[in-house]
Colleague: 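One structure, as structure tokens, below. Some questions next.
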Amino acid sequence: MGEGKAFDETIGLDTNSGEAPQPSAPPIEQDVNLPVATPVNERAAGGGDGSTDAQDTSTSTPEETQKNAAGIAAAVVGFFLGGPFLSLIFGGGTYYAATQRPEGDAAGDAARSLGDVALVVRDRAGKLNEKHNIVDRTKAAAGSLWQKSKAKGEELDAKHGIVDKSKSVLEKVVAKAVELNKEHRILERTRLLLGNLLTFLANKLSDGSDAQGEQQQQQQRQSSGGSS
């Protein structure tokens, strides 16, 4: 109790009067204009989720679309002509020519023209589909044909045992193929042939680009010599 009374006397509190101490500074009036913090607009400051920037960076240029279309169109043609192998060669070679060969080069111009044709075909196909609803009709016809074929196949299989007979024939074919591969090393020879073919194509493309570079250097030398 003595310590508490001494503290009250130190801060100037009159414990005998019972009056509350008065504040040393006047109270802040309510009508005083104080600064108010305003929220920062993230979009105005360049923030946000960055979706606009992502859209801008993901949008491809017309030149890139043309080159991609050239590779895809050539791959489709190669697939119909010779399956996946020719599809890979045609698509890769055409895309290389469209992207690496400069303007004025015959192979590069032809590849880029193929891309233009593919884009025109795509646009016309889209317009025809919007007009005649070709995709939905094709899906409906294919689904109906599949159901009918499936029902007919189940009926024939139940009657003649086609699935079991096909399994037996397939097992014999696989066993014969494995035997022939062990005897003649067909897979190994095919792998070597494909490797040699890809190496040959890569060397031809490299030689063509080197020759074109030397030709351009010679033209630059001739032009610089004529100007001097």
Side-chain angles (χ1 to χ4, degrees), residues 54-55 58-99 107 110-202 204-205:
Q55 291 177 359
S58 62
T59 303
S60 59
T61 61
E63 291 78 7
E64 293 177 354
T65 304
Q66 177 195 47
K67 296 170 184 178
N68 293 333
I72 294 172
V76 172
V77 173
F79 182 81
F80 282 107
L81 292 178
F85 180 66
L86 281 184
S87 176
L88 177 63
I89 293 178
F90 281 19
T94 304
Y95 182 77
Y96 175 84
T99 54
R112 286 183 284 272
S113 299
L114 179 61
D116 292 334
V117 172
L119 292 176
V120 171
V121 172
R122 183 198 65 179
D123 294 338
R124 291 185 178 179
K127 292 179 180 179
L128 287 175
N129 181 56
E130 292 178 357
K131 184 177 181 180
H132 300 287
N133 201 14
I134 298 174
V135 174
D136 293 337
R137 291 182 179 180
T138 304
K139 288 182 179 180
S144 177
L145 180 61
W146 166 252
Q147 293 297 331
K148 292 179 181 179
S149 301
K150 182 179 179 181
K152 190 65 176 179
E154 291 176 354
E155 180 182 355
L156 291 175
D157 178 61
K159 185 176 181 180
H160 302 285
I162 298 175
V163 174
D164 294 334
K165 292 180 181 179
S166 300
K167 287 181 179 179
S168 178
V169 172
L170 183 59
E171 290 175 356
K172 292 180 181 179
V173 171
V174 171
K176 188 64 176 178
V178 172
E179 182 181 354
L180 289 174
N181 181 57
K182 290 181 179 179
E183 183 177 356
H184 301 286
R185 297 184 301 174
I186 298 174
L187 291 178
E188 182 179 355
R189 293 181 178 180
T190 304
R191 199 180 306 118
L192 291 174
L193 178 61
L194 292 178
N196 293 333
L197 180 59
L198 291 176
T199 303
F200 173 77
L201 291 175
K204 284 295 184 182
L205 291 174

Colleague: Please collect all side-chain hydrogen bond (donor to acceptor under 3.5 Å, both in side chains) contacts where either partner lies in residues 72-97, sequence neighbours excluded, each pair once.
Modeller: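 Output for this query is empty, none listed.
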Colleague: Between atom CD1 of I134 and atom CZ of R137, what is the distance when rounded to the nearest 0.5 Å?
Modeller: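 Taking CD1 in I134 and CZ in R137, the distance rounds to 8.0 Å.
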Colleague: How close do Q66 and R112 get, counting heavy atoms only, and between which atoms?
Modeller: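 Between these two residues, the closest heavy atoms are NE2-O, 3.3 Å.
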Colleague: Roughly how far, to the nearest 0.5 Å, is the CG atom of L156 from the CD atom of E154?
Modeller: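 Here the rounded value is 10.5 Å.
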Colleague: Kindly give the heavy-atom pair with the smallest separation between D157 and V163, and that separation in Å.
Modeller: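 Residues D157 and V163, closest heavy atoms: OD1-N, 2.8 Å.
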Colleague: Determine whether a donor-acceptor pair (N or O, by modelled atom type, separation under 3.5 Å) exists between the side chain of N196 and the backbone of L192.
Modeller: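 Between the backbone of L192 and the side chain of N196 there is a qualifying donor-acceptor contact (under 3.5 Å).
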Colleague: Check A118 against A73 and note the closest heavy-atom contact, atom names and distance.
Modeller: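 Closest pair (atom of A118, atom of A73, distance): CB-CB, 3.8 Å.
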Colleague: Measuring from F85:CZ to F79:CZ, what's the distance to the nearest 0.5 Å?
Modeller: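 Here the rounded value is 14.5 Å.
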Colleague: Between A70 and A98, which heavy-atom pair has the shortest distance, and what is it?
Modeller: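 Smallest heavy-atom distance, with atoms named: CB-CB, 4.4 Å.
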Colleague: Starting at CZ of R122, measure out to OG1 of T65 and round the result to the nearest 0.5 Å.
Modeller: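 It comes to 7.5 Å.
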Colleague: Nearest 0.5 Å, please: how far is OG1 in T61 from NZ in K67?
Modeller: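 Separation between the atoms: 7.0 Å.
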Colleague: Closest heavy-atom contact between G115 and A69?
Modeller: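 Between these two residues, the closest heavy atoms are O-CB, 3.8 Å.
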Colleague: Out of curiosity, L114 CG to L119 CG, how far, rounded to the nearest 0.5 Å?
Modeller: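 It is 9.5 Å, given to the nearest 0.5 Å.
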